[in-house]
There are 2 protein chains.
Amino acid sequence: MAGASKKNRATGSANAITADLVAVLVAVTDGEPKIMTIANDGALPSGPFEFAHRSLQTGLRSWVEAQTGHPLGYVEQLYTFADRGRAGDATSPHSISISYLGLTREDKVGQGFEAHWSGWYEYFPWEDRRAGVPASLAKTLASRLRAWAKSAETTSLQRERWQRAAITFGLDDREWNEELVLQRYELLYEAGLIPEAVRDGISAAAVIPGRPMTGDHRRILATGIARLRAKIKYRPVVFELMPAEFTLLQLQRSVEALAGRLVHKQNFRRLIEQQQLVEETGAIAADTVGRPAKLFRFRHGVLAERAIAGTKLPLSRT
Amino acid sequence: MAGASKKNRATGSANAITADLVAVLVAVTDGEPKIMTIANDGALPSGPFEFAHRSLQTGLRSWVEAQTGHPLGYVEQLYTFADRGRAGDATSPHSISISYLGLTREDKVGQGFEAHWSGWYEYFPWEDRRAGVPASLAKTLASRLRAWAKSAETTSLQRERWQRAAITFGLDDREWNEELVLQRYELLYEAGLIPEAVRDGISAAAVIPGRPMTGDHRRILATGIARLRAKIKYRPVVFELMPAEFTLLQLQRSVEALAGRLVHKQNFRRLIEQQQLVEETGAIAADTVGRPAKLFRFRHGVLAERAIAGTKLPLSRT
DNA sequence: TCGGTTATGCTCAGGATAAGTATAAGCTAG
DNA sequence: CTAGCTTATACTTATCCTGAGCATAACCGA
């Protein structure tokens, strides 16, 4: 490999390829997680990779800031994809996609920009369990997965498939793990239960609800959601998605929106306050139902003070 | 961005670049973490990116397996680097490095291969705290960092720099966080305390101990170590680095080697056993000092049974 | 047989967590 | 103006997890 490297470098562009940036830009509005989409909401924002900037990170950041007129709070690299046959076109496989996750706020989007914000659960209906298991999916999904498992050749393969489905989808009384977004998507792809699989020539059963995307964008989105759901548990990144001032319930709703499940209110507050992540502004929330809540702001100081552990989701079992 | 993409694609290779794979291949032998190195131990194995395989992952896997004659247990993508001016040569910036972390065992390396295994603490002496803070570094490092902090222009910048150094290096009675490998490396780079910084034209103070690497390979290695140190806490990946049968102390020593710090023996065992990660082989370790230990093997079943949480490092404070 | 070394079982205190109870403070319908 | 709804916020309780240490077992060699 090392030897081959020198050889290719010497002879020139033997391995020239093209690279694209793909961005998963997330905002939370009114307790709903949104992502920026283009192409009639069928694709994530993407474009050719530019070497104009010192790093990929700063390049993406300045691009988004130019488009939205708003500083991109948090950016992190997601993954570099290069699988052939997964882009929807097997004809031009010599391209790789470098994907990023970025956190913003919807209200600050600049004028004249063709992008929209779409709810991310449009693309992943099965990931939203805040109101319990989605009724439209509960039975269909499990039975389709069972059919897929049964269609395997040997008995042990059948068992293997079903065990995998049961773990990733929390079937057979197993616990639902909200972080397995990508594993669930990949399993549905393999099982031929989503349009992308049909497109790529996987033998297709009837397809389940959930909007598809071009190329492997929905896979990239799944990667982003999974990363974010993991991250909010040990880094205080939720605050990048909040307005400057917010109530504790609003904060809780945002976390729940991202995680796709409900948390225990009192314990959530204890967690937030004992970690000194927020401070009171002194003001009180207006136009609310019920007892008015205190407004809080994020204590930006904590980021400098210590290497903090974030939120941790005190889940409620009901 | 999306529009520009189409344009460039239409006109051809306007944004053609080259991509390299860089591998951080880890093994643990006799309680020492090793990495595979080439070029007189001054570089990580790397080579041109090939589209021959279905995915980057399988490409790397088959390459390593061909070289070492041994199935690569665990592979995961680390990061895609494309910073200009960090490769040691500002002349050819139109290349990106896709880096991978792979776990193997040293003893299975194939014949006639020019790669070596080097202890990773040769490159990061300050990361090994198993025998306490390294004597050769304790004073030098702190005073150099303090000097760097003081050399900032404003008082607030000075405080900021020192706070950052104190957090990442556990100074001023702060706790040492073994996962901040990359942050520590980057800080040393910025402070001009390592040869790579001198090479890249950062104004250089006297350099601290620790072997440099070509390009930004040491940065990639730091990324790999950090990822692995985080991973062993929530995924049972240590076992990829162990022989088929091992004693619990050997397992503990491997974890300690990776983490760079000691753990509490009894609590470590409790953790391992209560999670049912291992099972007795029935055999007893031979040629040991002290009371002979039972031999264990990894229960591969757990990977299928549940989405497991790994080891978690019951650190001892002494 | 004693001292050194490692293995292994067990206890104990303190802290973190999950869950629930109780009370406060606003609103609106009647 | 008050009952009943909603949300906010303070406490309580039982349980589990974690860090730490003690005690004993089993081997070796001097």
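Per chain, numbering begins at 1; letters A, B, ... match sequence-line order.
- Straight-line distance from the CZ atom of A:Arg270 to the C1' atom of C:dG20: 12 Å, rounded to whole Å.
- Here the side chain of B:His264 is nearest to one of D:dA8, D:dG21, C:dA18, namely D:dG21.
- A:Trp162 and A:Asp172 are linked by a side-chain donor-acceptor pair at a separation below 3.5 angstrom, with hydrogens and angles left out of the test.
- Between A:Phe246 and A:Phe239, the two ring planes are tilted [angle within 30° to 60°].
- Between the side chains of B:Glu240 and B:Tyr74, not a single donor N or O lies within less than 3.5 Å of an accepting N or O.
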Check: protein-nucleotides 3-6 of chain C nitrogen or oxygen pairs below 3.5 Å:
residue	atom	partner	partner atom	Å
C:dT6	O2	B:Arg291	N	3.4

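- When the P atom of D:dA14 is taken as reference, atom CD of A:Gln266 falls 18 Å away, rounded to whole Å.
- The nearest whole Å value for the distance from the CG atom in A:Leu248 to the C1' atom in D:dT7 is 12 Å.
- One finds the CZ atom of A:Arg105 at 8.0 Å from the CE atom of A:Met242 (value rounded to the nearest 0.5 Å).
- A cation-pi geometry, defined here as NZ or CZ lying under 6.0 Å from the six-membered ring centre and within 45° of its normal, holds between B:Arg184 and B:Trp176.
- Remark: P of C:dC10 and CG of B:Asn267 are 15 Å apart, rounded to the nearest angstrom.
- Residue B:Ile284 contributes atom CD1, which lies 16 Å from atom C1' of D:dC28 at whole-angstrom precision.
- Spacing between atom CD of A:Glu273 and atom P of D:dC11 amounts to 12 Å, rounded to whole angstrom units.
- For A:Arg269 against D:dA10, a side-chain-to-base donor-acceptor contact under 3.5 Å is absent.
- Side chains of B:Gln183 and B:Thr168: no donor on one and acceptor on the other come within 3.5 Å.
- The CG-P distance, from A:Leu251 to D:dT7, rounds to 17 Å in whole Å.
- Distance, A:Glu280 CD to D:dT9 P: 8 Å, rounded to whole Å.
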